[in-house]
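Order of the sequence lines fixes the chain letters, A, B, ..., with proteins taken first and strands second; residue numbering starts at 1 for each chain.
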There are 2 protein chains.
Amino acid sequence: MKHVDTKQRQKKILSAIVEFYIETALPVGSRFVSQRFRYSISPATIRNVMADLEEAGLITHPHISAGRVPTDKGYRLYVDDLLEPKHLTKEEQSAISKMINRGHKDLESLMQACSKAISVITNVAGVVITPRIKRSLFKHIELIRIDSSRILVVIVTASGIVKNTIVHTHEDLTKPELHRISEFLNEELKGMFFDEIKTHLNRRLLEERDSLYSFLKKTVLLLSSPNIFSMEERLYFDGTASLMSCPEFSDIAMARVFLKAFEDRQDILELFNQDMEEEGVKVHIGMENRCKEIQNCSVITCNYKINQRTIGALGAIGPTRMEYGKVMCAVSYLSDLLGEALEDID
Amino acid sequence: MKHVDTKQRQKKILSAIVEFYIETALPVGSRFVSQRFRYSISPATIRNVMADLEEAGLITHPHISAGRVPTDKGYRLYVDDLLEPKHLTKEEQSAISKMINRGHKDLESLMQACSKAISVITNVAGVVITPRIKRSLFKHIELIRIDSSRILVVIVTASGIVKNTIVHTHEDLTKPELHRISEFLNEELKGMFFDEIKTHLNRRLLEERDSLYSFLKKTVLLLSSPNIFSMEERLYFDGTASLMSCPEFSDIAMARVFLKAFEDRQDILELFNQDMEEEGVKVHIGMENRCKEIQNCSVITCNYKINQRTIGALGAIGPTRMEYGKVMCAVSYLSDLLGEALEDID
DNA sequence: GATAGCACTCGGGATGTTAGAGTGCTAATT
DNA sequence: AATTAGCACTCTAACATCCCGAGTGCTATC
């Protein structure tokens, strides 16, 4: 009799269970799986395999007479080994493009459109965090005297993101003075990244000993405030409301903690910030998440880039029972699109 | 026998019903009301009065053998005539102050703190819309050349709100030219409100016929983009998650449409924008709201001011069963506080 | 090793019952 | 004439019961 690869069959059956459960949200019974294989494997055999899978911790019972449900570990195996990459359809791609590429007049509406696009395509919540100015290319700086104690510092990145900070000073700097500083900085910082600026200026300060010293000193002091080159990190999201139709959130208490996580922002922001350090699509399943409020959810993230430099992150959050293939694909696609939309203009 | 004012008694009983229902979310029976009056009125009498109130459309039955529940009309009468103004406690006031007055470094975090403060104190969702630049006092403008086709326009209001817009031009304006325009505008627009600027400049353009004409023409053209003096209206809110514990939202479908309204922002923004035109605290109860998604909710709004000029609005949204007295009071209090926090600095 | 058969388990929907809260009406009372 | 007591009636929510069916695990068989 022909020998069947046991491992292989286990995987096929796990795949079937995961996919069926993702589709229906109903515990999967042995008959259904058998059916899916056109009865080439009998329910009894499948029950045996299921028992093995359960022992391996990949699936469970809600109760003894119910079908099987994947565990976090089961999803993990599925995502790592079994998932076959899925592509967005042409229609989906063009629908997304339409949402992103309509001339957004500010960063805000672009971010919003982006999170909305993710949620519409994937049916889970879409999340985008604002680009990090620190990782951007310097384009322009301008110091503007508002009154004797306040100076407005405006910075512009190569991709056209603008940030302004009002700095309070003791010393009343005159307009020409500020103008001179602005001009100096615009020349000096050409081609640098914002996170290099402060160390660069400090180095310059050490080298310089002549007449320029006090001028440089003044400049450095002016820019010493810690938040001048970093933007308040914002979190844009969309689709949390429609997620409420999922059976996972039929329990209001579940829904509440989930929404609370978004309201607090902090934990989610941190998660995305960490993931930003790594390349490509990342998946966090259920209990793998540090943040307790979303431990019955999965998070899929991806960094996005401007001219090859990672500058932010976006992703999706939904119940562990989500279409991993599609969501991963959508997130990756939107990462590219957002990057392009922000591309340095010069 | 001494004659009892029937109308008066009706009102007292309606008050009791509304307040009891607000407190417990349970339909109110005749015994409870009688109890509240220390049995000075018998349940039977109260039943008669209740029948009258029901006929007048002020209360209803969920079903025949249940207690009474106020209708929107009932709440309306309560709010207009029966509500006795309630003050925030000293503790509440100082708790709010603490949240608002910790030096917020940007508008964003102030708005967020404000909406959070409302929600924490009132237990319903707090909402704040951003101040309208158009209604603000001009302080400073600066035109910055980024490259041959882009100019950055930075405006600053007297209260220190900064907004920037990137304008695309065909004509390549030089730095000195832009500098001259900036200087001119800063002198010319002193003491004006932003919404007067465009008409003022156009008038100037008509008067002027000499050498200044082409200069002015250039200036007006540069500022012709419609959004330069108006900020993207943003909506900050907080407390929607905790609202989910209310029995009103035990039905997930209810919760979903409610959350959807916040996700869409548009309708709520419009509502607050309209209310901004009027002075003081406004109350919209249930079906009075145009926006369908929140027709089982009440909205309480209040404009906020900088130096006597209305410049924005804030408020609260929650189930019709809310503590009107307290919420109205909190909203009004926060309107003052936010106004002070934004007060013009010079 | 795979499968068929069978006894067993358990959740969930349908049904029935009851307690209790509350009403409306009528007749008695003040 | 207004108020109240009493009583019959209504309806819900909670609880108990029952039963169907989906699904399992085990064992004997192919």
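Protein atom CD of B:Q35 is 14 Å distant from nucleotide atom C1' of C:dA21, rounded to whole Å. Distance CD (A:Q10) to C1' (C:dG1): 14 Å, rounded to an integer number of Å. Between B:D52 atom CG and C:dG24 atom P there is a gap of 11 Å when expressed in whole angstrom units. In this structure, B:I17 atom CD1 and C:dG22 atom P are separated by 12 Å, rounded to whole Å. Per the geometry, CG belonging to B:N48 stands 10 Å off P belonging to D:dT4, to the nearest Å. Straight-line distance from the CZ atom of B:R31 to the C1' atom of D:dA5: 13 Å, rounded to whole Å. One atom, CD1 of A:I64, and another, C1' of C:dC8, lie 9 Å apart when rounded to the nearest Å. Atom NE2 in B:H63 sits roughly 5 Å away from atom C1' in D:dT12 (whole-Å rounding).
The phosphate of D:dG25 has OP1 or OP2 within less than 4.0 Å of a side-chain N or O from A:R68. Contact between the side-chain N/O atoms of A:S65 and the OP1/OP2 oxygens of C:dC10 is not found at any separation under 4.0 Å. Taking only side-chain nitrogens and oxygens, A:R9 comes nearer than 4.0 Å to OP1 or OP2 of C:dA2. An OP1 or OP2 oxygen of D:dT24 is reached within less than 4.0 angstrom by a side-chain nitrogen or oxygen of A:S30. Here A:R47 does not reach the OP1 or OP2 of C:dA2: none of its side-chain N or O atoms lies under 4.0 Å away.
Within 6.0 Å of atom OH in A:Y324, more than 12 heavy atoms from other residues, nucleotides or ligands are found, so the atom counts as buried in its surroundings.
Within the nucleic acid shown, B:A66 comes within 4.0 Å of sugar-phosphate atoms alone, with no base atom in reach, counting heavy atoms only.
B:R256 and A:S245 are linked by a side-chain donor-acceptor pair at a separation below 3.5 angstrom, with hydrogens and angles left out of the test. For the residue pair B:Y333 / B:E92, no side-chain donor-acceptor distance below 3.5 Å is found, with atom types taken as modelled.
Applying side-chain contact (heavy atoms from CB on, under 4.5 Å) to B:S15 and the options B:L77, B:L82, B:L83 leaves one that passes, B:L82.
Comparing D:dT4, D:dT24, D:dG23 by their nearest atom to the side chain of B:I41 picks out D:dT4.
Ranked by how close their nearest DNA chain D nucleotide is to the 5' end, B:I46 and A:G67 are led by B:I46.
Checked by atom type and distance alone, the side chain of B:K86 never pairs as donor or acceptor with a backbone atom of B:E323 at under 3.5 Å.
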